There are 2 protein chains.
Amino acid sequence: MPVTIYDVAREAGVSMATVSRVVNGNPNVKPMTRKKVLGAIERLGYRPNAVARGLASKKTTTVGVIIPDISSLFFSELARGIEDIATMYKYNIILCNSDQRLEKELQLINTLLEKQVDGLLFMGAEIKEDHLQALTSTQVPTVLAATRDADNKLPSVTIDHYQAAYDATEALIQRGHKRIGMITGPMSDPLGGLMRFEGYKQALKDAGISLDEALVAGGNLFYESGLSHTKEFLQLKEPPTAIFAANDEMAIGAIHAVQDSGLHVPNDVEVIGHDNIRLTEMVRPRLTSVVQPMYDIGAVAMRLLTKYMNNEHVEEHVVLLPHRIEYRESTKPDQA
Amino acid sequence: MPVTIYDVAREAGVSMATVSRVVNGNPNVKPMTRKKVLGAIERLGYRPNAVARGLASKKTTTVGVIIPDISSLFFSELARGIEDIATMYKYNIILCNSDQRLEKELQLINTLLEKQVDGLLFMGAEIKEDHLQALTSTQVPTVLAATRDADNKLPSVTIDHYQAAYDATEALIQRGHKRIGMITGPMSDPLGGLMRFEGYKQALKDAGISLDEALVAGGNLFYESGLSHTKEFLQLKEPPTAIFAANDEMAIGAIHAVQDSGLHVPNDVEVIGHDNIRLTEMVRPRLTSVVQPMYDIGAVAMRLLTKYMNNEHVEEHVVLLPHRIEYRESTKPDQA
DNA sequence: CTGTTAGCGCATTCAG
DNA sequence: CTGAATGCGCTAACAG
């Protein structure tokens with residue numbers, strides 16, 4: 001029923017090889033015959049079968065994307081960066097949600113490899129031995145986006161989470177705060193959880209401020225979590241005068257908790273978030289946040305992947321994108 | 001290099017047909033030989049090539065998803081519903097952003113058909129003749145999610161936008177408001193734009209309130225738009241005492257504009273949004289909103305698509321999901 | 001510049 | 001219950 005390359009060849013009075021050539025833009029075709037072929041294609045409404053093409057050429061122009069949760073503000077922005085660059089390089093994306101469950105992640109890797117994707121883009125938290133094994137036992141190039149494996153065995157694109165958290169904490173310290181609360185992410189996440197916490201601790205230490213366990217809360221990255229932990233903070237005898245949250249959603253929860261208790265942000269409590277998602281502009285006061293360029297991370301990761309898929313030379317397997325702090329109204333104007 | 005079905009056959013001492021049978025769960029295989037084959041598969045680390053399978057079977061267990069913008073709060077939630085159900089039915093998703101540009105949409109449809117997707121899920125605003133033509137000229141089943149074509153030629157899953165807007169406006173009227181502002185979506189969008197506006201107008205009409213053009217603003221669905229239009233509203237001699245925004249982001253902008261001008265929500269101005277995205281819970285006051293069940297729309301659309309792909313009988317091509325209003329603090333407690 | 005010939009890896013008749 | 005044979009639609013040498 002569907003028209004094949006063979007039908008076109010017959011219609012145009014040439015061989016299928018020639019049709020294949022014009023379809024693939026091969027220059028070794030006389031303009032005249034090219035025209036004939038194009039005419040036949042048009043007349044017949046020929047549409048090349050990418051599956052057959054993939055089987056014959058061993059390339060599918062498709063990359064697999066494993067992402068924790070596409071409905072997350074953070075990851076959906078990342079995904080957009082990935083998709084835009086993929087489109088630019090003529091790739092399509094098979095998108096899979098993993099919910100960060102190891103078993104599902106491994107199964108997805110397998111499924112995507114079965115589908116013969118030309119490359120793999122992986123997002124998640126901790127990269128375990130199982131991941132490494134699954135990802136390195138294949139010829140298909142893989143890039144980690146917004147994650148990194150401990151030994152940097154795989155190419156990755158991230159920011160320096162440790163330094164970012166350090167900077168945020170230091171900024172608070174320089175504003176004169178001694179009691180700085182932190183709402184962390186899950187410690188099972190080496191970067192977004194552990195590293196940011198480490199950066200926080202080190203900044204305190206370097207400033208000669210001893211860590212107060214009461215000012216550290218383990219959040220789950222959701223709004224509610226920021227809300228409730230901040231409420232607890234505020235019930236301390238000596239509540240924090242500043243809060244650093246491991247992501248923006250929790251930071252916004254923190255702002256609201258402060259406001260709900262009749263206090264003022266930033267006058268009574270200053271708040272800094274992390275990631276700089278679009279929400280930061282949609283709160284009052286607007287949220288100061290550490291910029292993690294999600295879109296760029298996705299875009300750069302995809303770009304990097306195209307190089308691997310293309311066997312191009314890559315100088316740096318592990319790329320760190322710059323971060324900075326975007327100051328808004330949840331912190332007081334600079335003291336300077 | 002990669003191990004094929006043929007290698008497995010040799011290793012197991014059977015024919016490739018038999019291997020194919022066990023891989024595909026065909027019951028006509030003696031348990032004993034099945035075991036042999038499974039053993040060989042295990043030993044060789046055989047991974048079926050889905051592309052070859054697709055070529056031979058004419059099924060790819062992949063569906064194409066065309067979405068305006070995956071980084072949107074609204075669509076990413078929809079996408080999650082789609083993907084979850086797709087996974088449940090063993091399908092993978094090729095995700096493409098269209099930015100609602102007609103040309104790109106048509107091109108994406110074509111690309112996805114080239115890739116031999118088993119089905120197509122389309123999201124967008126207006127369904128034009130071009131779309132219809134591209135989508136109906138193929139055997140590949142298509143379902144529209146959160147959109148509908150004017151003549152219901154294509155299967156679709158939506159809510160009744162007209163009625164939803166009517167209900168929201170009526171709710172405001174019943175709270176005693178006479179001057180109700182509306183920030184609409186783009187009128188190029190028949191449902192989210194036009195229909196919601198029509199519902200608003202009809203509700204006013206039914207209540208004997210004449211439409212005041214000054215209280216209608218054409219928004220673009222973004223936060224900034226809600227903010228700026230509401231500022232303009234508040235500068236009128238007789239500003240609105242209530243605002244209905246065509247989506248939540250603009251509604252939140254409206255809240256902030258009211259607050260920025262020193263007024264109070266809901267005491268001075270009541271605000272109702274639309275869609276009930278997660279953000280509604282992350283503002284102060286929390287936003288009352290018309291519930292459009294994005295996740296469910298995606299899930300139901302995907303489920304519907306599986307039926308078509310499976311040649312199952314479908315009773316209702318055009319499904320309308322229920323809507324309701326979720327009352328929060330941007331409206332006053334019920335007058336009842 | 002063009003045609004011929006082989007597969008790509010697998011599902012699927014059809015026999016047996 | 002199993003094997004042999006065929007072809008899905010296309011790319012990729014290889015000739016010419």
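Chain A is the first sequence line, chain B the second, and so forth, proteins listed ahead of strands; every chain is numbered from 1. Computed from a predicted model, the values in this text were never measured in an experiment.
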* Asked: Taking the side chain from A:N92 and the backbone from A:T62, do they hold a donor-acceptor pair closer than 3.5 Å?
  -> no
* To do: Keeping the roles fixed (side chain from B:D84, backbone from B:G81), state whether a donor-acceptor pair exists under 3.5 Å.
  => no
* Asked: Will you find, in the side chains of A:T87 and B:K104, an N or O donor that is under 3.5 Å from an N or O acceptor?
  -> no
* Closer than 4.0 Å, any side-chain N/O of B:T18 to the OP1 or OP2 of D:dT2? -> no
* Asked: Pairs in or reaching into residues 129-150 of chain B: which pass ring-ring contact (aromatic ring centres under 6.0 Å, His included), with residues at least two apart or in two chains?
  -> B:F122-B:H131
* Asked: Rounded to the nearest Å, what distance is computed from the NZ atom of residue A:K36 to the C1' atom of nucleotide C:dC1?
  -> 12 Å
* Mind running side chain to side chain contact (heavy atoms under 4.5 Å, CB included) on A:V23 and A:I5 for me, showing each step along the way? => CA-CA 9 Å; A:V23 168; A:I5 200 173; 5.5 Å; no
* For A:N49 and A:V51, indicate whether the former's side chain and the latter's backbone hold a donor-acceptor pair under 3.5 Å. => yes
* Rounded to whole angstroms, how far apart are CZ on A:R10 and P on C:dG3? -> 15 Å
* Structure fact -> By side chain to side chain donor-acceptor pair (under 3.5 Å), A:R303 pairs with (sequence neighbours left out) A:Y89, A:T306
* Can you give one letter per nucleotide of nucleotides 7-16 of chain D, 5' to 3': B if a protein heavy atom sits under 4.0 Å from the base, S if only from the sugar-phosphate, - if neither? -> BBBBBBBB--
* Asked: Do A:H317 and A:Y308 have ring centres separated by under 6.0 Å?
  -> yes
* Axis-to-axis angle across the helix from C:dC1-D:dG16 to C:dG16-D:dC1, five pairs an end, to 10 degrees? -> 30°
* Asked: Do B:I66 and B:L112 touch side chain to side chain, with heavy atoms closer than 4.5 Å?
  -> yes
* In residues 25-35 of chain A, which residues come under 4.0 Å of DNA chain C by heavy atom? -> A:N28, A:V29, A:K30, A:T33
* Structure fact -> With sequence neighbours left out, the residues meeting side chain to side chain donor-acceptor pair (under 3.5 Å) with A:R47 are B:N110
